[in-house]
Amino acid sequence: MIRKKVDTVHEALEGIQSGMTLMLGGFGLCGIPENLIRALAESSHKDFCCISANAGVDDFGLGLLFGAQKVKKMIGSYVGENEEFERQMLAKEIEVILTPMGTLAEKCRAAQMGIPAFFTPAGYGTEVAEGKEIRKFNGKNYLLEMAYASDFSLVKAWKGDESGNLIFRGTARNFNPLMCGASTITVAEVEELVPTGSLDPNQIHTPGIFVDRIFQGSRYEKRIERRTVQNT
Amino acid sequence: MIRKKVDTVHEALEGIQSGMTLMLGGFGLCGIPENLIRALAESSHKDFCCISANAGVDDFGLGLLFGAQKVKKMIGSYVGENEEFERQMLAKEIEVILTPMGTLAEKCRAAQMGIPAFFTPAGYGTEVAEGKEIRKFNGKNYLLEMAYASDFSLVKAWKGDESGNLIFRGTARNFNPLMCGASTITVAEVEELVPTGSLDPNQIHTPGIFVDRIFQGSRYEKRIERRTVQNT
Amino acid sequence: MGLTKNQIAKRIAQELQSGYYVNLGIGIPTLVANYVPEGIEIAFQSENGILGIGPFPMPGEEDPDLINAGKQTITPQLGASYFDSSISFGMIRGKHIDLTVLGAMEVSEQGDIANWKIPEKLVKGMGGAMDLVASSDNIIVAMMHTNPKGESKLRTECTLPLTGVRCVKRIVTDLAVLDVTKEGFLIKERAKGVDIEEIKRFTQGKLIIPDEIPEIQV
Amino acid sequence: MGLTKNQIAKRIAQELQSGYYVNLGIGIPTLVANYVPEGIEIAFQSENGILGIGPFPMPGEEDPDLINAGKQTITPQLGASYFDSSISFGMIRGKHIDLTVLGAMEVSEQGDIANWKIPEKLVKGMGGAMDLVASSDNIIVAMMHTNPKGESKLRTECTLPLTGVRCVKRIVTDLAVLDVTKEGFLIKERAKGVDIEEIKRFTQGKLIIPDEIPEIQV
């Protein structure tokens with residue numbers, strides 16, 4: 001099997017440059033690559049185009065990149081909950097492209113799977129459809145949507161092995177598996193990195209072929225955005 | 001959670017009619033719905049259109065349907081290894097449509113996932129492209145392929161629970177997960193049916209929403225097509 | 001008078017049928033989960049990747065890896081499953097969800113819905129709403145009959161940017177239950193203590209008023 | 001003389017590089033797995049849904065749920081994974097496979113390949129071949145230089161129905177190793193005991209013959 005393990009987050013990010021397009025896994029603060037985001041926010045690189053479902057919160061998640069003025073363009077689906085992001089958006093310091101969430105997911109998967117374009121019903125009759133090809137199948141209207149093109153995918157898994165095989169946990173899976181292999185380089189950080197052969201081949205969510213570099217993350221905060229409990 | 005369990009293969013096949021289009025999981029003899037095929041071969045229904053990667057062998061797998069003259073049209077990818085099938089094909093008793101295997105897989109997934117059509121490079125410049133729309137993306141040519149429309153999906157899993165959640169085993173997974181939810185009705189047979197709640201939610205391959213009926217199969221033969229061992 | 005938000009949710013819960021997979025939007029729709037009738041089998045899906053949402057966790061048992069699309073901590077129901085977002089939206093796009101309940105800023109006579117953007121105001125994004133409304137055959141909108149300015153949210157045409165077209169089947173407001181029909185908004189039920197004149201006054205789109213309109217039972 | 005099928009496979013194995021994910025077709029390509037150079041990290045993918053194919057099982061340890069695309073029983077390598085066919089072909093279509101080795105009936109000067117159908121003869125289907133040749137940037141064809149009738153399989157144009165166009169990069173036959181170039185088939189190496197005249201005689205397409213042609217070392 002092919003080894004993908006690297007020792008540090010800096011090795012994991014080798015080759016990243018200002019102006020690149022990045023896919024970042026996670027949904028809000030759930031399943032985000034905390035170590036990679038931290039390192040990017042502290043790096044000298046900037047002007048990224050970020051593809052991610054959400055924008056994080058002011059002081060965590062993708063918010064760290066906005067706080068550090070690293071993002072030139074944001075492609076996302078729901079970008080509330082972040083004041084600095086809103087300020088930059090209103091001041092037109094960043095360009096924002098909003099996409100139906102299912103379309104965003106499928107555009108990542110299409111990039112991963114070598115599908116250049118597909119039809120989806122989401123957004124027909126809305127401003128999302130502007131400039132897009134519309135076609136009717138079985139009496140229903142669909143938009144043609146293209147696969148994303150991206151330089152780095154930065155994802156977070158629960159467990160991984162040294163060959164890049166990944167297992168996610170709960171709803172922290174979300175966009176992470178779809179972004180693996182959807183960029184030129186895919187970097188995965190994991191809470192637990194195990195030797196190759198430790199994971200059941202039947203239970204791997206993302207085969208290592210979709211991952212170029214893997215490392216064990218540290219200092220996971222795993223912050224909860226809306227702690228909600230039962231009334232007792 | 002919603003119960004999908006039925007007690008017999010006959011209950012599982014209720015509503016099936018002559019002339020219907022069926023998707024059948026499996027690759028050769030690996031991961032095929034043995035109980036459902038047996039029941040179909042013994043039923044009074046016929047003139048099926050079958051969508052399946054392969055055609056089985058003469059006395060097992062999909063071969064049982066050809067032997068019982070149940071198939072009017074076969075949509076598959078590799079249909080060798082079956083003499084009766086070949087005879088019917090050469091005698092033009094059945095219509096055969098051959099499709100690149102990756103395209104077949106993706107057409108099933110598209111049906112499952114509500115994608116009416118997608119572009120793929122497979123078959124460009126070949127007779128598979130005849131009559132299909134061709135479009136260039138980033139300098140490369142792709143064909144437009146449509147999702148399948150089908151009445152019943154008949155699949156086989158290793159384990160399943162009474163809510164229709166499925167786990168496959170090894171390479172018996174193949175087309176089975178893609179066909180779940182890709183037809184009007186999806187029927188799953190499993191080697192082991194467990195109570196709802198017995199399976200780890202993180203390790204379910206196919207969520208029960210894609211399965212309408214599930215039952216425990218019996219008399220699994222699991223025949224090996226090409227037994228190959230190490231020279232010792 | 002009119003229904004409270006909880007009563008709107010309770011009325012919508014009456015639409016739940018055994019065997020339904022249901023996606024609940026943020027806001028009033030989320031409350032529907034509190035009123036599932038006894039004895040029916042139902043599963044709630046959330047588009048971030050879970051089928052079979054159970055109750056909120058007990059204090060101290062929150063798991064950061066288990067949230068719903070509203071980013072609230074949750075627990076799984078017995079028989080739940082987790083999956084990636086492409087499969088999650090595949091369930092939606094592939095019409096495997098039996099009922100979608102969501103909020104709206106406006107609904108038109110034709111069933112168009114606007115619920116994601118107010119021009120000149122901060123836009124947070126459509127999230128999964130456009131996928132849901134473009135794909136579901138059974139969409140119920142839960143909303144107040146009027147906006148905070150007192151203007152009708154049931155209109156001849158939506159004035160706000162659309163989320164989807166010709167998709168809403170039924171609307172439950174604080175004043176009434178209405179179906180979207182070819183002829184206009186058909187009043188099916190009215191809230192206790194709300195008379196037809198009031199519904200008429202607060203409905204800008206075309207209303208169809210049958211002779212008998214039962215009261216909403218909640 | 002010329003190479004045996006095993007020698008063709010052995011020569012192709014020299015193309016393997018550490019870090020390669022490799023898809024081997026049925027026939028001579030399958031034999032390549034027997035000659036992986038020591039000390040390099042490689043993984044074989046099979047399009048029916050496994051990454052990391054190990055050796056064939058010991059007698060008595062065959063598992064009907066573990067086969068390759070040729071339907072032979074296999075074992076998993078350490079670090080292997082199983083997946084469905086859409087992901088399997090996603091690996092192929094998405095260019096995640098570094099090397100594809102497959103057999104052919106004919107290859108043209110342009111790199112077109114025909115390997116699935118002979119008109120008037122029984123057609124078994126293309127299986128995954130069309131996906132593989134349409135997607136891989138690194139395709140090596142393993143085949144005999146001539147067909148059983150003695151006709152050249154390296155041609156100006158393919159006479160048989162195509163599997164894919166302009167995709168083959170290199171061909172290893174019993175007589176030679178040839179690269180597909182804009183100018184024609186470039187001889188890179190020749191089999192021991194095979195002279196250029198013989199390669200010329202059995203090559204119908206345009207040949208480019210460099211001054212020095214090393215012998216294939218196997």
Side-chain angles (χ1 to χ4, degrees), chain B residues 1-6 23 105-118 147-150 153 157 159-168 177-186 188 193-214, chain C residues 16-23 33 36 39-55 63 65-68 74-100 128 130-137 164 167:
Chain B
M1 193 44 72
I2 298 162
R3 287 165 56 88
K4 305 294 176 75
K5 187 189 164 197
V6 296
M23 288 187 180
E106 197 68 12
K107 281 162 75 87
C108 292
R109 180 195 178 267
Q112 175 188 42
M113 298 297 183
I115 301 284
F118 59 90
Y148 288 125
S150 171
S153 286
K159 290 185 185 178
D161 72 16
E162 296 185 357
S163 302
N165 292 306
L166 304 179
I167 296 178
F168 304 92
L178 308 171
M179 292 175 169
C180 292
S183 300
T184 310
I185 303 276
T186 295
L193 186 61
V194 299
T196 292
S198 313
L199 303 177
D200 178 353
N202 211 42
Q203 298 294 14
I204 286 166
H205 293 136
T206 294
I209 193 172
F210 294 116
V211 174
D212 298 291
R213 303 171 192 168
I214 189 167
Chain C
L16 299 173
Q17 294 180 23
S18 203
Y20 267 17
Y21 293 99
V22 180
N23 183 293
V36 179
I40 72 168
E41 292 182 343
I42 228 148
F44 292 107
Q45 191 250 21
S46 195
E47 59 266 32
N48 60 315
I50 174 169
L51 185 71
I53 302 178
D63 182 336
D65 290 338
L66 289 183
I67 61 169
N68 63 18
I74 52 160
T75 64
Q77 195 184 10
L78 271 190
S81 53
Y82 310 123
F83 33 82
D84 71 45
S85 302
S86 78
I87 291 175
S88 186
F89 282 95
M91 291 176 184
I92 292 166
R93 230 189 284 104
K95 296 184 179 297
H96 305 289
I97 303 291
D98 300 291
L99 173 65
T100 299
M130 284 193 183
D131 303 273
L132 282 160
V133 301
S135 304
S136 185
D137 286 333
C167 52

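What you see below is based on every heavy atom in this structure, not just the backbone, and it leaves out hydrogens, waters and symmetry mates.
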Enquirer: Taking Gly52(C), Gly79(C), Pro76(C), Ser135(C) one by one, which has the highest count of heavy-atom pairs under 4.5 Å against chain B?
Expert: Gly79(C)

Enquirer: Got a sec, which residues hit side chain to side chain contact (heavy atoms under 4.5 Å, CB included) with Ala43(C), two or more places apart in sequence or on another chain?
Expert: Met1(B), Ile2(B), Tyr21(C), Gln77(C)

Enquirer: Is it the side chain or the backbone of Ile42(C) that comes within 4.5 Å of chain B heavy atoms, both, or neither?
Expert: backbone

Enquirer: Which atoms of Tyr20(C) come close to chain B, meaning under 4.5 Å heavy atom to heavy atom: side chain ones, backbone ones, both, or neither?
Expert: backbone

Enquirer: Checking heavy atoms, do the side chain of Arg3(B), its backbone, both or neither come under 4.5 Å from chain C?
Expert: both

Enquirer: Return yes if some donor-acceptor pair links the side-chain N/O of Gln112(B) with the main-chain N/O of Gly90(C) below 3.5 Å, else return no.
Expert: no

Enquirer: What part of Ser86(C) lies closer than 4.5 angstrom to a heavy atom of chain B: side chain, backbone, both or neither?
Expert: both

Enquirer: Please flag which part of Asn165(B) lies under 4.5 Å from any non-hydrogen atom of chain C: side chain, backbone, both or neither.
Expert: side chain

Enquirer: Is Ile87(C) in contact with chain B via its backbone, its side chain, both, or neither, using a 4.5 Å heavy-atom distance?
Expert: both

Enquirer: Go through Pro195(B), Pro207(B), Gly197(B) and name the one with the most non-hydrogen pairs under 4.5 angstrom from chain C.
Expert: Pro207(B)

Enquirer: From the options Leu166(B), Ile204(B), Asp161(B), Asp200(B), select the one residue that forms a side-chain contact (heavy atoms from CB on, under 4.5 Å) with Ser81(C).
Expert: Ile204(B)

Enquirer: Could you list the residues that satisfy salt bridge (Lys or Arg N to Asp or Glu O under 4.0 Å) with Asp65(C), not counting sequence neighbours?
Expert: Arg169(A), Lys222(A)

Enquirer: Please report the shortest heavy-atom distance between Arg93(C) and Met113(B), naming the atom on each side.
Expert: NH1-O, 2.7 Å

Enquirer: So, taking the atom named OG1 in Thr186(B) and the one named NE2 in His96(C), what distance separates them when rounded to the nearest 0.5 Å?
Expert: 7.5 Å

Enquirer: Is Ile209(B) in contact with chain C via its backbone, its side chain, both, or neither, using a 4.5 Å heavy-atom distance?
Expert: both

